[in-house]
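Structure first, commentary second.
Below, all heavy atoms of this structure are taken into account, side chains as well, without hydrogens, waters or symmetry copies.
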Amino acid sequence: MQPKTVLITGCSSGIGRATALAFADEGWTVYATARDPADIETLEDAGCRTDRLDVTEQDDIDRVVDRILDEEGAIGCLVNNAGFGQFGSLEDVPVEKVAEQYEVNVYGPHRLIRAVLPHMRREEEGTIVNVSSVAGRVAFPGGSAYCGSKFALEAMSDALRAEVEPFGVDVVVVEPGPVRTSFSDRAEAEADGNDRTGAYEDFYSLFDDTEAIGGDGPGSVSPERVAEDIVNAASATKPVARVPVGTAARVSVLARFIPDTIRDQLWSVVRRFT
C-alpha cells in the first residue's frame, strides 16, 4: 500500500507539532507547515518535509499544495490546525481583532479546503480534519470572538461533509478541551491588549487563572493525545463526524443540551464566586 500524504498547518508547537510527529511515526509522508520555517526545522529530523505557510496568504497555500502534488501526486489528508484564541468581552474586543480571529480560524481553513478539494475529488478519497474546540459547541462569557470562529468552523464542516460525501471525501471535526500547550499564553496576551471598559472585570478574573482556558488545569490533555485522535480519524475507513478529545471535552460538549435559561443562571453563579 502506497504511504499517504498529509498536509498540516500550524506545526510550530503544541497540537500541530505533535500531529506531524504522530503521522510520521505511522509512515505517512508529512508536510508540516508554519508561518516561520525556523520553528519547524527540527521536524525534518523526524522525516517530515517542512515549508512556510501562512493560512492568511493564498499564494503560500497555492505554492505548498502545488509542491505536494508535484512531489507526491495526491494529498490524502488535510489537517487544519493553525489557529489562536482572541478573548475578551464582546464590547472590549475591537472589530479588527475579531476580523483577525476569523481570518485565521475560519477563512484560513476555507482557503486550504478549496485548494485541496479538487485533487481529493479527482482521487475519490481523502480526509479533511478541522481542529475545532469544545468552544465550537458551547459558548462562554469572554469568548465571543473565539467561540464564534469555532462555531463557524463547525457549521462549515457540517455542510461540507454532506457536500463531499458523494466523492469519497470525509470531513472530521476534532474538539479538544483544555490542552497543555502555549495556547493560553497568547490568549492572555491578546486579552491584555484590549482597551477594557472596566465593566467586565468579573469575566476577566476567570482568565487571570489561565487554567480556565488551557494549561495544566483539571481535565487537560497532552498535545500527543489530540494528535492520536487526529491520526485515527485520518486513518479510519468511515470516521465519525466529531471527536471530542478527553473526558473534559466529552462532558463539556453536553452543556449544549442544557436549556439557555439554566445555562445563563449557571454563569451568574460562576460570576458571583469570582
Side-chain angles (χ1 to χ4, degrees), residues 7-10 14-16 35 53-58 60-61 77-117 120 127-165 169-179 183-184 186-187 190-191 194 203 207 213-214 226 229-230 233 239-245 249 252-258 260 263:
L7 167 59
I8 311 168
T9 65
I15 294 173
R35 289 184 301 171
L53 194 158
D54 183 334
V55 300
T56 68
E57 297 291 340
Q58 189 65 51
D60 275 7
I61 294 168
C77 180
L78 165 67
V79 180
N80 280 312
N81 168 71
F84 75 100
Q86 172 64 64
F87 293 98
S89 70
L90 188 146
E91 184 179 355
D92 287 351
V93 180
V95 172
E96 57 269 21
K97 283 197 171 185
V98 177
E100 181 184 1
Q101 180 77 103
Y102 277 71
E103 190 69 41
V104 175
N105 290 10
V106 182
Y107 306 147
H110 180 246
R111 292 186 186 97
L112 267 297
I113 291 168
R114 292 189 71 239
V116 305
L117 256 183
M120 288 184 174
T127 304
I128 295 169
V129 179
N130 290 328
V131 179
S132 180
S133 165
V134 169
R137 302 281 265 171
V138 182
F140 52 85
S144 57
Y146 179 67
C147 294
S149 72
K150 292 302 186 180
F151 267 66
L153 182 63
E154 299 241 358
M156 188 166 68
S157 300
D158 284 343
L160 178 66
R161 189 169 57 254
E163 292 168 359
V164 300
E165 186 273 335
V169 178
D170 297 309
V171 179
V172 180
V173 178
V174 173
E175 301 169 327
V179 183
F183 174 88
S184 58
R186 178 173 179 182
E190 292 285 345
N194 294 336
F203 292 142
F207 300 110
I213 55 174
V226 183
D229 280 349
I230 292 173
V240 296
R242 280 181 171 78
V243 183
V245 183
S252 297
V253 296
L254 297 177
R256 69 187 188 279
F257 297 115
I258 299 175
D260 293 340
R263 194 162 59 242

Is there a side chain to side chain contact (heavy atoms under 4.5 Å, CB included) between Leu90 and Asp92? Walk through the geometry before answering.
CA-CA 6 Å; Leu90 188 146; Asp92 287 351; over 6 Å; no
What are the two closest heavy atoms between Ala233 and Thr127, and how far apart are they?
O-CG2, 4.1 Å
What I'd like to find out is whether the side chain of Val171 reaches to under 4.5 Å of the side chain of Val129, using heavy atoms alone.
no
Taking every heavy atom of Val104 against every heavy atom of Gly83, the minimum-distance pair comes out as CG1-CA, 3.7 Å
For the student: nearest non-hydrogen atoms of Ser132 and Val173, plus distance:
CB-CG1, 3.5 Å
Qualifying residue, where the test is side chain to side chain contact (heavy atoms under 4.5 Å, CB included) with Val131 and the options are Val245, Val79, Val172, Ile8:
Val79
For residues Leu53 and Arg35, determine if any side-chain heavy atom of one lies less than 4.5 Å from a side-chain heavy atom of the other.
no
Kindly indicate, with the supporting measurements, whether the criterion side chain to side chain contact (heavy atoms under 4.5 Å, CB included) is fulfilled by Val253 and Glu175.
CA-CA 9 Å; Val253 296; Glu175 301 169 327; 4.1 Å; yes
Tell me whether the rings of Phe87 and Tyr146 are parallel (<30°), tilted (30 to 60°) or perpendicular (>60°).
tilted
Consider only side-chain N and O atoms of Asp54 and Thr56, and report whether a donor and an acceptor are under 3.5 Å apart.
yes
Value rounded to 0.5 Å, distance of CD1 in Ile113 from CD1 in Ile128
5.0 Å
Strictly by salt bridge (Lys or Arg N to Asp or Glu O under 4.0 Å), give each pair with a member in residues 139-155 just once, sequence neighbours left out.
Glu154-Arg242
So how far is it from Leu78 CG to Met120 CE, rounded to the nearest 0.5 Å?
5.5 Å
Is it the case that the side chain of Thr9 and the backbone of Asn81 share a donor-acceptor pair, with hydrogens and angles ignored and the cut-off at 3.5 Å?
yes
Looking only at non-hydrogen atoms, find the nearest pair between Pro176 and Ala249 and report the distance.
C-CB, 4.2 Å
Straight-line distance of Phe151 CZ to Ser133 OG, nearest 0.5 Å
10.0 Å
Okay, side chain of Gln101, backbone of Phe84: is any donor-acceptor separation there less than 3.5 Å?
yes
Identify, with sequence neighbours excluded, every residue that meets salt bridge (charged side-chain N to carboxylate O under 4.0 Å, His left out) alongside Arg256.
none
Inter-residue atom distance Leu160.CG - Arg114.CZ, 0.5 Å rounding
12.0 Å
Kindly give the heavy-atom pair with the smallest separation between Phe140 and Cys147, and that separation in Å.
CE2-SG, 3.4 Å
Note, Val138 side chain near Ser252 side chain (heavy atom, < 4.5 Å)
no
Using modelled atom types only, decide if a donor and an acceptor are shared between the side chain of Arg263 and the backbone of Ile258 within a distance under 3.5 Å.
yes
Under a 4.5 Å cut-off applied to non-hydrogen side-chain atoms, are Leu117 and Val169 in contact?
yes
Calculate, to the nearest 0.5 Å, the distance between atoms CG and CG belonging to Asn105 and Asn130 respectively.
11.0 Å
So for atom CG, which belongs to Leu254, do other residues, nucleotides or ligands contribute more than 12 heavy atoms lying within a distance under 6.0 Å?
yes
Going through the distances and angles, do Gln86 and Val93 end up as a side chain to side chain contact (heavy atoms under 4.5 Å, CB included)?
CA-CA 8 Å; Gln86 172 64 64; Val93 180; 3.9 Å; yes
Measure the NE2-CD1 distance between His110 and Ile61 for me, rounded to the nearest 0.5 Å.
10.5 Å
Closest heavy-atom pair and its distance - Ser149, Tyr102:
N-OH, 3.5 Å
Side chains of Val55 and Pro109 in contact at under 4.5 Å (non-hydrogen atoms):
no
